[in-house]
Amino acid sequence: MTAVFRVGLVRLVGRGSTAPAPATLLQAQTTGLPAAFMQKCNISGKTMRGGPRCPKVPPYPYKTKKYNVFSAMFDKTTKRFDENTKVICVEGPVAAGKTKFAMELAAELDMQYYPAVDMDLIYINSYGYDMRKLDPELPPSCRSYDIKNFCADPKHPSAAAFQIRMYMLRYSQYIDALQHILSTGQGVVTERSPFSDFVFMEAMFRQGYISRGARSVYNDVRQNTIGELLKPHLVIYLDVPVDVVQKQIKARNLEHEVKSKVFTDAYLTDLEVIYKQQYLKDISGHAELLIYDWSAGGETEVVVEDIERINFEQYESDPHNKKMIDWRFPLETEWCEARIKYCNEKPDLMNYFNVPRFDVPELLRSAEDGKVWRDVWYNAPGMKYRPGYNADMGDTGLLTKLKIGINEPY
């Protein structure tokens, strides 16, 4: 009954939608698709536009205000879209220069930049306290394990859990990116994505860092979760040979990378092969793909010019073409449904990671260890209560606070 009630309300959203512009009507007549719900075609940079992006409608405050079926009656989704309402993912090997390039690309296209995730998102709480300080009080199975630990000891029992958590963090961030694009109309540029995360798990398995059972659990989790996301419009791969990657790792001189037992030629070669033979091949069936030789770096302006030449309209106008199919909703109600899903139901999406697999020892901890971890973890500074409700951390006005954060589980 709840589902019927929700569908009825969502269908009501479509009534009273604003009429499409004449150009869009003409396009619809020639393509046979609904006029009001087609995305704009070519992405354009600041140089082509002659200035910064001018939003047609003010962005929806999705970080502080929930968006549900009642909100959808008054706040449509597609009215904020323009030609740059796209998701771009930047991929490439370690030390390829992805961060610098992605930031420059986002600035030129006036898009929101999402940096690469790391375990600090888990280990540093909202008050800035580093939970890794608790390791001496915790049993070995519950201690922290991040990229520095992985580089030093890749065959540690926690390596598999580390990569599953990295996938979870990329998944969570990608949901945030979808919240942003659907609520503001502003495109996003992400550094890596959950769709490419399996490349690292496969390379770890080939090098013997994780067991076959742990790989099986990861694949079950991925299968249970990845289908809930909208795939990117464009993937940009910065191609760097293994020998150049090794030189650039030494050049940026991060101690845990330079002394790493992980970044061998064999591991980096596996990453390259899996990226090219599996991920890029698969994602090209949905998204546009640009590949650049980035051995000596490159010019972001050149990439922007190539992006501006991509005609995304060809996929909008062909209902039988599977490219961009995730972004071809025929009705405004379906755009609003997707927006509700990512803006209002993130905790439910994250619950899909709870796959009941208890047959892989390195992914389990005993009840005794679990109790010790919980007692220590939730008595750390800023962890006793929800963020904003910890008087010992300086929070005030506790008696007058009535709301919890958006997407924060109850």
Side-chain angles (χ1 to χ4, degrees), residues 6 9-28 33-88 105-114 174-190 229-230 232-234 307-308 312-313 315-316 324 326-346 405-407:
R6 173 174 172 176
L9 284 175
V10 171
R11 293 305 177 201
L12 188 62
V13 173
R15 300 182 181 179
S17 297
T18 56
T24 311
L25 278 172
L26 177 61
Q27 190 179 47
L33 292 179
F37 311 112
M38 296 180 66
Q39 287 188 277
K40 303 292 184 181
C41 49
N42 291 42
I43 296 174
S44 59
K46 287 182 179 178
T47 303
M48 177 178 284
R49 289 195 308 270
R53 174 178 178 268
C54 297
K56 295 180 292 185
V57 180
Y60 187 85
Y62 66 95
K63 292 184 179 181
T64 58
K65 185 178 180 181
K66 286 194 174 184
Y67 184 81
N68 50 36
V69 289
F70 296 104
S71 308
M73 293 181 186
F74 307 100
D75 192 272
K76 305 299 187 291
T77 298
T78 57
K79 65 183 180 180
R80 294 185 174 89
F81 288 3
D82 60 23
E83 67 276 5
N84 282 25
T85 305
K86 303 288 192 296
V87 178
I88 300 176
L105 183 66
E108 174 59 29
L109 299 179
D110 208 352
M111 293 184 172
Q112 180 70 27
Y113 167 65
Y114 285 85
Y174 198 84
I175 293 175
D176 295 341
L178 293 177
Q179 290 177 4
H180 184 83
I181 193 172
L182 294 173
S183 298
T184 68
Q186 183 185 28
V188 298
V189 176
T190 71
L229 303 179
L230 304 178
H233 295 84
L234 172 64
I307 293 173
E308 290 173 340
F312 290 93
E313 183 183 14
Y315 309 118
E316 300 283 359
M324 315 295 167
D326 286 5
W327 297 89
R328 295 207 299 266
F329 295 118
L331 300 173
E332 176 70 39
T333 53
E334 293 181 75
W335 284 106
C336 293
E337 276 262 82
R339 188 172 160 197
I340 291 170
K341 175 180 178 179
Y342 299 119
C343 290
N344 204 34
E345 299 172 2
K346 182 177 179 179
I406 300 298
N407 287 321

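In this text the structure is predicted, and so the values were computed from the model without any measurement.
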Looking at Gln112 and Gly187, would you say the former's side chain and the latter's main chain have a donor-acceptor pair under 3.5 Å?
no

Salt bridge flag under 4.0 Å for residues Arg80 and Asp75
yes

Determine whether Ser44 and Glu83 satisfy the following criterion, side chain to side chain donor-acceptor pair (under 3.5 Å), listing intermediate values before the conclusion.
CA-CA 7 Å; Ser44 59; Glu83 67 276 5; 3.1 Å; yes

Would you say the side chain of Val87 lies within less than 4.5 Å of the side chain of Val189, judging by non-hydrogen atoms?
no

Going by the angle between their ring planes, with limits at 30° and 60°, are Phe312 and His233 parallel, tilted or perpendicular?
perpendicular

If only atom types and distance count, is the side chain of Lys76 paired as donor or acceptor with the main-chain N or O of Met73 below 3.5 Å?
yes

Ignoring hydrogens and geometry, is there a side-chain-to-backbone donor-acceptor pair from Ser183 to Tyr62 under 3.5 Å?
no

Less than 6.0 angstrom from the centroid, inside 45 degrees of the normal: does Arg339 satisfy that with respect to the ring of Tyr60?
yes

Donor + acceptor pair across side chains of Glu332, Thr78 (<3.5 Å):
yes

Please examine the side chains of Glu345 and Ile340, heavy atoms only from C-beta on, and report whether any two atoms are closer than 4.5 Å.
yes

Atom of Tyr174, atom of Leu230 and distance for their closest heavy-atom approach
OH-O, 2.7 Å

Which atom names give the shortest non-hydrogen contact between Val188 and His180, and what distance separates them?
CG1-CD2, 3.9 Å

Which heavy atom of Asp176 sits nearest to which heavy atom of Lys346, and what is that distance?
OD1-NZ, 2.7 Å

Locate the shortest heavy-atom distance separating Tyr67 from Cys336; write the atom from each residue and the value.
OH-SG, 3.5 Å

Could you go step by step and tell me if Glu308 and Ile43 meet the side-chain contact (heavy atoms from CB on, under 4.5 Å) rule?
CA-CA 5 Å; Glu308 290 173 340; Ile43 296 174; 5.6 Å; no

Return the CG to NZ distance between Leu178 and Lys341, rounded to the nearest 0.5 Å.
9.5 Å

I want to check something: taking the side chain as every heavy atom from C-beta on, are Gln186 and Thr85 in contact at a cut-off of under 4.5 Å?
no

Check Ala177 against Thr190 and note the closest heavy-atom contact, atom names and distance.
CB-CG2, 4.4 Å

Looking at CG of Leu234 and CG of Leu109, how far apart are the two atoms once the value is rounded to the nearest 0.5 Å?
9.5 Å

Heavy-atom distance under 4.5 Å between the side chains of Thr184 and Phe81, does that happen here?
no

Shortest non-hydrogen separation from Asn344 to Asn68 and the atoms involved:
ND2-CB, 3.9 Å

